Enquirer: 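Let me give you the structure first, and then I'll get to my questions.
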2 protein chains.
Amino acid sequence: MTVTEEPKPRRLTPKGRATRDRIIEAATELIARNGVAGTGIEDVRAAAGVSGSQLYHYFDSKQALIRAVITRQADSVLHPDQPRVTALDSFDALRAWADAAIERQRENGCRGDCTLGSLAGELSVSDEESRTDLATGFLRWKDLILDGLRAMRDRGGLRADADLDELALSLLTALQGGVLLSQTMLHVRPLEAAMNASLAYVHSFATTAGR
Amino acid sequence: MTVTEEPKPRRLTPKGRATRDRIIEAATELIARNGVAGTGIEDVRAAAGVSGSQLYHYFDSKQALIRAVITRQADSVLHPDQPRVTALDSFDALRAWADAAIERQRENGCRGDCTLGSLAGELSVSDEESRTDLATGFLRWKDLILDGLRAMRDRGGLRADADLDELALSLLTALQGGVLLSQTMLHVRPLEAAMNASLAYVHSFATTAGR
DNA sequence: CACTTTCTGGGTTGTTCTGTCCAGAACCGT
DNA sequence: ACGGTTCTGGACAGAACAACCCAGAAAGTG
């Protein structure tokens, strides 16, 4: 099952890379608002300001484009300009992370947040390859949270017998599920409730010294 | 925004109702496995064993069919043969409810559970009317949980100052988000972690007498 | 400055899928 | 039994959409 990664344009010129990025960006935007099924190649073409065969010059198929969007979203949590996720290693940091997510959701009226969770509902059943990509993204995300929790434990803030993997998963699930329900109910309360619950869960493993 | 409910066949004969139900059932099955976008009218037609114009005799459009599926799923939690949800009024009952969900997920290999959550990811962004139906379903579901929690509080098992609405929402979100991530990662741990977290959250509002 | 590779535009094809039409069979009330 | 309604079958139109092709411009490479 080891597939060659990107068999399309073997080498990209700077200009080419820029165009490719523009396409992915436009696709991400559209998918966030209309979903995968509701976003046609033609729509992406128009939004990206490219024409016709461009899309198939850079991507083998619509599916390949979607997968690129997924990968981009999964990676966006890691290295780039998201400083808040780099230090989820204290109760305050976790709380701030949750609040930021809630605030972001509130800002755009509980709509159009293109998290992996929104894509998962649409793709994980129908497209096996996309499902794998999404699972990888979730796993990476979870590991990031896990790193923070490990730091907390090593520092003595969390009990040694705490199942950190479970805690990290509960935080991730709360975020994804909360965003999903918030988008559907057009209210931030589901997200708030879910984050509060999992934060409390983490908190219940705090050492007396840790807080 | 008050839309007439079902403008299609004004009166249904017993036979007609049976056919209609069969179509909805087949559609539910297919959607659970292939998603909404991955399920065509033709597929439903074949699976239900009906032919051609039947579908449009009972439903105005594909969207109408989808909405019927949503409504059916939303109602299935309420009156029918699901006795376990009728009594979510103790810690043990909540635990059993969570375990049942986890077990069900494990049984079918984390696939094909047609919960509202799976539909939400696909529909809440693209189709406003379906989003409303889903939101109504979630709300009803939440109220059901809420009833149980109220009973617990009135019986003295939960503290009077507990925000029962928040607790109910956290349970619901944990279930939906957990199923979603479990389906994507093909593992029940996300669901387990999420349910454990929200159950612990509820538990943290228990009175000393209550347990 | 040749020469190759990459990039871009637009038109086109072929398929897939929703939704419609029409005619006949079964069913229901009276 | 009769007239009207509901149900069923299959064929068909029409749109939406992914994907392909060709030719030319631009840019990188020696």
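These figures come from a predicted structure and were not determined experimentally. Proteins come first, then strands; the chains are lettered A, B, ... in the order of their sequence lines, and each starts at number 1.
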Enquirer: Is a donor on one side and an acceptor on the other found under 3.5 Å between the side chain of B/Ser61 and the backbone of B/Ala64?
Expert: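 At least one qualifying donor-acceptor pair exists.
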Enquirer: Is the backbone N or O of A/Asp89 less than 3.5 Å from a side-chain atom of A/Arg155, with the two atoms forming a donor-acceptor pair by type?
Expert: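 Yes, A/Arg155 side chain to A/Asp89 backbone: donor-acceptor pair under 3.5 Å.
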Enquirer: Give every donor-acceptor pair under 3.5 Å between a side-chain atom in residues 168-177 of chain A and any protein atom, sequence neighbours left out.
Expert:
unit_1	atom_1	unit_2	atom_2	d
A/Ser170	OG	A/Leu167	O	3.0
A/Thr173	OG1	A/Leu169	O	2.7
A/Gln176	OE1	A/Gly117	N	2.8

Enquirer: Does B/Arg131 pair with B/Glu128 as a salt bridge, N-O distance under 4.0 Å?
Expert: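 So B/Arg131 pairs with B/Glu128 through a salt bridge.
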Enquirer: For B/Leu55 and D/dC12, give me the distance from atom CG to atom P, rounded to whole Å.
Expert: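 In whole Å, D/dC12 P lies 20 Å from B/Leu55 CG.
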Enquirer: Rounded to whole Å, how long is the line connecting atom CZ of B/Phe59 with atom P of D/dC7?
Expert: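 Computing the B/Phe59:CZ to D/dC7:P distance gives 12 Å.
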Enquirer: Across nucleotides 8-30 of chain C, 5' to 3', mark each nucleotide with B, S or - according to how protein heavy atoms within less than 4.0 Å reach it.
Expert: BBB-------SBBB----SS---
Enquirer: Report the end-to-end axis angle of the helix from C/dC1-D/dG30 to C/dT30-D/dA1; each axis comes from five terminal pairs, and the value is rounded to 10°.
Expert: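 Axis-to-axis angle, ends of the helix: 30°.
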Enquirer: Give the minimum heavy-atom separation between B/Ala37 and B/Glu122, together with the two atoms involved.
Expert: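 Nearest heavy atoms, B/Ala37 then B/Glu122: N-OE2, 2.7 Å.
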Enquirer: For B/Ser51, give me all partners under side-chain contact (heavy atoms from CB on, under 4.5 Å), at least two apart in sequence or on another chain.
Expert: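 Counting only residues at least two positions away or on another chain, B/Ser51 forms a side-chain contact (heavy atoms from CB on, under 4.5 Å) with B/Arg45.
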Enquirer: I need the full list of ring pair (Phe, Tyr, Trp, His ring centres under 6.0 Å) pairs touching residues 175-201 of chain B, with sequence neighbours left out, sorted by first then second residue.
Expert: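 Residue pairs passing ring pair (Phe, Tyr, Trp, His ring centres under 6.0 Å), neighbours aside: B/Tyr201-B/Phe205.
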Enquirer: Could you work out, with side-chain contact (heavy atoms from CB on, under 4.5 Å) as the rule, every residue matching B/Arg72, not counting sequence neighbours?
Expert: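 Result, side-chain contact (heavy atoms from CB on, under 4.5 Å) vs B/Arg72: B/Ile24, B/Glu25, B/Thr28.
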